[in-house]
S.K.: 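First the structure, which I've put down as structure tokens, then a few questions once you've had a look.
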Amino acid sequence: MPSSSSSSSFPLVPVLTLLLSLPLLFIIAPKFLSPKQIQITLPDELDDLALFRRASAAESQPHRLPGHRNHLGSTNAKPKIAFLFLTNSDLQFAPLWEKFFKNGSKDLYNIYIHADPTVKVSVPGGVFTADRFIPAKRTQRSSPTLISAARRLLANALLDDSANAFFALISQHCIPLHSFKFAYNTLFHRSITDLTQLGKLEYRSFMEIVSKAHFLKDRYNARGRNVMLPEVSFDQFKIGSQFFVITRRHAVTVIRERRLWRKFRLPCLSLDSCYPEEHYFPTLMAMDDPEGCTHYTLTRVNWTNSVDGHPHLYRSSEVSPKLIYKLRESNFTQSHLFARKFSPDCLKPLMNISDSVIFLD
Ligand SMILES: *[C@@H]1O[C@H](CO)[C@@H](O)[C@H](O)[C@H]1NC(C)=O
Ligand SMILES: *[C@@H]1O[C@H](CO)[C@@H](O)[C@H](O)[C@H]1NC(C)=O
Ligand SMILES: *[C@@H]1O[C@H](CO)[C@@H](O)[C@H](O)[C@H]1NC(C)=O
Ligand SMILES: *[C@@H]1O[C@H](CO)[C@@H](O)[C@H](O)[C@H]1NC(C)=O
């Protein structure tokens with residue numbers, strides 16, 4: 001009798017189906033349990049985590065190399081500046097930067113390039129050799145991918161050379177405003193803060209940290225109302241230039257950071273208010289070590305008449321010695337070191353005034 005034989009046998013098919021669908025439950029269930037806690041895990045996060053863990057572990061090794069923890073005095077070799085080029089097109093000002101780097105000796109800097117792999121970026125040659133390009137991932141505006149790329153650059157530079165003491169983020173639209181020698185002296189001699197109460201001298205990070213902007217509330221709620229809570233209250237949410245120069249100690253802080261990143265990596269609901277790279281770093285630094293930061297950036301930008309979140313793009317007709325002098329002016333520091341945003345056609349006039357103006361301090 002077919003019916004009795006089937007009822008006595010083990011219900012293999014339903015049990016197997018149930019077992020096989022169990023993993024699915026773990027994926028679906030959290031969405032019903034706590035919709036605000038959903039984490040969008042980008043598939044490539046895992047590679048980055050492994051990289052950050054390696055860089056973090058290397059940093060924990062006791063070593064007495066220059067730049068380590070940025071304490072002055074332990075200078076058995078000269079500390080270096082790591083220049084982190086973040087680009088999604090050709091390095092249009094490579095010849096100008098080449099001249100800049102020729103002014104500094106090879107043992108005072110390192111170059112690292114993160115080039116969006118979905119764009120064909122050519123290798124400029126000179127100081128920008130193919131081995132300077134780090135393993136990169138796609139970068140997109142209005143997304144946390146620009147933060148990821150900066151963190152990737154920091155981790156690679158930390159791992160590569162323990163003499164890297166400052167980490168300067170630069171884009172393909174950035175130009176130098178001074179000689180290498182001037183930039184080096186500014187970072188290593190003018191950033192020192194006298195923390196006498198702590199009995200030590202330390203370098204500071206040139207991280208812009210601003211608490212007030214009329215659009216700050218929209219930026220804060222870009223991922224949904226109060227989604228940043230409890231990690232980041234509105235009072236703790238800061239804005240600052242995407243382009244910073246930070247110390248080794250702070251570079252380590254950034255690559256070890258997980259708590260804020262869990263929120264900042266969430267996609268925005270409103271793209272108009274989505275510039276996470278302008279908030280993640282200043283917010284983190286303001287929470288972690290506000291006294292260790294200058295609160296201003298060394299990279300000049302012109303926001304006058306900005307359109308669609310883009311700053312003024314300088315054209316070749318605007319390039320002049322007067323412009324360079326104007327861009328150097330700062331209310332906070334002796335001088336800005338870098339400026340943006342310049343269109344590729346500026347290369348010729350910039351090269352023309354490089355020796356007579358830009359690299360003449
Ligand atoms: C670098 O530039 C400065 C300022 O123009 C100059 O005094 C110095 O001699 C230059 N050094 C090298 C190695 O080119
Ligand atoms: C900033 O950009 C505006 C145009 O948007 C221009 O008129 C002004 O001269 C620029 N300022 C500087 C210092 O370059
Ligand atoms: C310096 O501060 C004044 C007054 O707040 C402001 O008008 C000017 O634009 C500032 N200059 C720079 C280079 O930021
Ligand atoms: C080069 O710069 C000088 C000023 O230093 C200027 O007089 C001259 O017109 C410039 N030439 C070109 C081709 O831009």
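Counting convention: from 1, in listed order, for ligands and their atoms alike.
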S.K.: Is the terminal nitrogen or CZ of R132 (NZ for Lys, CZ for Arg) located under 6.0 angstrom from the six-membered ring centre of Y112 and within 45° of that ring's axis?
M.R.: yes
S.K.: Decide whether the shortest distance between a heavy atom of R300 and an atom of ligand 3 is less than 4.0 Å.
M.R.: yes
S.K.: Just distances here: any N/O of K102 and N/O of ligand 1 closer than 3.5 Å?
M.R.: no
S.K.: Does the ring center of F100 lie less than 6.0 Å from the ring center of W97?
M.R.: yes
S.K.: Measure the distance from atom 13 (C) of ligand 4 to every protein heavy atom, then report the residue, atom name and distance (to 0.1 Å) of the closest one.
M.R.: N352 ND2, 4.3 Å
S.K.: Look at the rings of F166 and Y203 and say which category their plane angle falls in: under 30° parallel, 30 to 60° tilted, over 60° perpendicular.
M.R.: tilted
S.K.: What are the atoms of ligand 1, with element, lying closer than 4.0 Å to any heavy atom of D361?
M.R.: 4 (C)
S.K.: What protein heavy atom sits nearest atom 14 (O) of ligand 3, and how far away is it?
M.R.: N331 ND2, 3.7 Å
S.K.: For the pair F83 and F101, name the ring-plane relationship: parallel under 30°, tilted 30 to 60°, perpendicular over 60°.
M.R.: perpendicular
S.K.: Quick check for you: to the nearest 0.5 Å, what is the distance between L96 atom CG and L350 atom CG?
M.R.: 6.0 Å
S.K.: Classify the contact between F182 and ligand 1 as side chain, backbone, both or neither, using a heavy-atom distance cut-off of under 4.0 Å.
M.R.: neither
S.K.: Look at the aromatic rings of H178 and F182 and report parallel, tilted or perpendicular, splitting at 30° and 60°.
M.R.: parallel
S.K.: Looking at atom 7 (O) of ligand 4, tell me if a protein heavy atom falls under 4.0 Å from it.
M.R.: no
S.K.: Please tell me whether F244 and F206 form a close aromatic pair, meaning their ring centres lie under 6.0 Å apart.
M.R.: no
S.K.: Check each atom of ligand 3 against the heavy atoms of E329 and keep those under 4.0 Å away; list them by number with element.
M.R.: 13 (C)
S.K.: Any N or O of L360 that comes nearer than 3.5 Å to an N or O of ligand 1?
M.R.: no
S.K.: Only heavy atoms of F359, strictly under 4.0 Å: list the atoms of ligand 1 that pass.
M.R.: 4 (C), 5 (O)
S.K.: To which protein heavy atom is atom 3 (C) of ligand 1 closest, and what is the distance rounded to 0.1 Å?
M.R.: N103 ND2, 3.6 Å
S.K.: Enumerate the atoms of ligand 4 whose separation from the nearest heavy atom of I353 is less than 4.0 angstrom.
M.R.: 2 (O), 5 (O)
S.K.: Answer yes or no for K106 and Y109: cation-pi contact, defined as NZ/CZ to six-membered ring centre under 6.0 Å and angle to ring axis within 45°.
M.R.: yes
